[in-house]
Amino acid sequence: MAQWLLKTEPDTFSWDDQVARGGRGEPWTGVRNHAAKRNLQSMKIGERAFFYHSVHGKEIVGVVEVIREAYPDPTDPSGKFVCLDVKAVMPFPEPVTLVEIKAEPRLADMALVKYARLSVQPVTDEEWRIVCGMGGVDAASTR
DNA sequence: GCCAACGTTGGC
DNA sequence: GCCAACGTTGGC
C-alpha cells in the first residue's frame with residue numbers, strides 16, 4: 001500500500017470543502033504535469049494521501065482516501081491528463097507545516113522539500129509515520 | 001533534437 | 001510582489 005501527498009490551494013479547494021463533500025468525495029482535477037500524472041495513475045483505491053494546503057497555510061491538514069482510480073480529467077480540453085476521486089478520512093489535530101517538515105532531518109528527502117512544485121507526490125512508509133506523529137495521529141489509525 | 005525564451009508554480 | 005525552479009514551446 002503506497003502513500004501520497006496531494007497539493008491544493010485552499011482558496012480554490014480546501015480541506016473544509018473536501019470534508020463538506022463527505023463520502024461522495026471530490027474529483028481531483030487540474031493536474032497538468034506529466035510526473036504528477038504518472039503518480040495519479042499509480043494510485044489505487046483505498047490508498048491514503050496527505051492533503052496539503054499550498055500558498056496559504058503551507059501545511060498538511062488531513063488525510064484522504066482514493067475512492068476512484070485515474071480517469072480522463074473532464075477539465076482538460078486536450079484529453080491527455082487524468083484525475084481521480086478522493087474523500088476525507090480524518091483531519092490532523094495539529095496541522096504539520098512546511099517549516100516543521102523542513103526542520104525535521106528525517107524528512108529532508110521528502111518530495112515536498114526536494115521537488116517543491118510537484119503537485120502529486122509519493123510518500124514513503126517512514127515519512128508517513130513521522131508526519132502522522134507530528135500531526136498528532138497514530139499512523140495505524142489512518143489505514 | 002537541441003536549446004533559448006517564455007510561462008507557471010509556489011516559497012519567501 | 002519577487003524570483004528561483006522547472007516544465008513547455010517553438011525556431012533552427
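Owing to the predicted nature of the structure, the values given are computational and were not obtained by experimental measurement. Chain naming here is simple, since letters A, B, ... match the order of the sequence lines and numbering starts at 1 in each.
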### Task
In whole angstrom, give the distance that lies between atom CD of A/E9 and atom C1' of B/dT9.
8 Å

### Message
By nearest atom, which of the nucleotides C/dT8, B/dG11, C/dG7 is closest to the A/L98 side chain?
### Response
B/dG11

Provide a list of protein-nucleic acid N or O atom pairs under 3.5 angstrom, restricted to nucleotides 1-5 of chain B.
none

### Task
Grab the CD1-C1' distance between A/I60 and B/dG10 for me, whole Å please.
16 Å

### Message
If the condition is salt bridge (Lys or Arg N to Asp or Glu O under 4.0 Å), which residues does A/D85 pass it with, not counting sequence neighbours?
### Response
none

### Task
Nearest whole angstrom, please: distance from the P of B/dT8 to the NZ of A/K7.
17 Å

### Query
With clusters built from Ile, Leu, Val, Met, Phe, Trp and Tyr whose side-chain heavy atoms come within less than 4.5 Å, directly or transitively, what are the remaining members of the cluster of A/F51, listed by chain and number?
A/W4, A/L6, A/F13, A/W15, A/V19, A/W28, A/V31, A/L40, A/M43, A/V61, A/V64, A/V66, A/V82, A/L84, A/V86, A/V120

### Message
Once side chain to side chain donor-acceptor pair (under 3.5 Å) is applied, what residue pairs with a partner in residues 57-70 of chain A remain, sequence neighbours excluded?
### Response
A/R48-A/E65

### Query
Between A/K102 and B/dC12, is there a side-chain N or O to OP1/OP2 distance below 4.0 Å?
yes

### Query
Between the side chains of A/S14 and A/D16, is a donor N or O closer than 3.5 angstrom to an acceptor N or O?
no

#### Entry: Between B/dG11 (P) and A/D11 (CG): distance, integer Å
13 Å

### Any pair counted as ring-ring contact (aromatic ring centres under 6.0 Å, His included), so long as it reaches residues 55-87 of chain A, sequence neighbours left out
A/H34-A/F81

### Query
When the distance from OH of A/Y52 to P of B/dT9 is rounded to whole Å, what number comes out?
15 Å

### Task
Could you note down all residue pairs passing ring-ring contact (aromatic ring centres under 6.0 Å, His included) where residues 121-143 of chain A supplies at least one of them, sequence neighbours left out?
A/F50-A/W128

#### Entry: Short side-chain donor-acceptor distance under 3.5 Å, A/R32 and A/S78
no

### Query
CG of A/N33 versus P of B/dG7: gap in Å, rounded?
19 Å

## Note on the structure
Under a side-chain separation threshold of 4.5 Å, the hydrophobic residues clustered together with A/I45 are none

### Whole-Å gap separating P (B/dG11) and CE (A/M110)
13 Å

### Task
Go through residues 114-122 of chain A and report each residue with a non-hydrogen atom lying under 4.0 Å from DNA chain B, sorted by number.
A/A116, A/R117

### Query
Using a cut-off of less than 4.0 Å, is there contact between a side-chain N or O of A/K58 and OP1 or OP2 of B/dG10?
no

Indicate every side-chain donor-acceptor pair of residues 101-117 of chain A with a distance under 3.5 Å to a residue at least two apart or in another chain.
from, atom 1, to, atom 2, distance (Å)
A/E104, OE2, A/R106, N, 2.9
A/E104, OE2, A/R106, NE, 3.2

### Task
Please state how far atom NE2 in A/H34 lies from atom P in B/dT9, giving the value in whole angstrom units.
14 Å

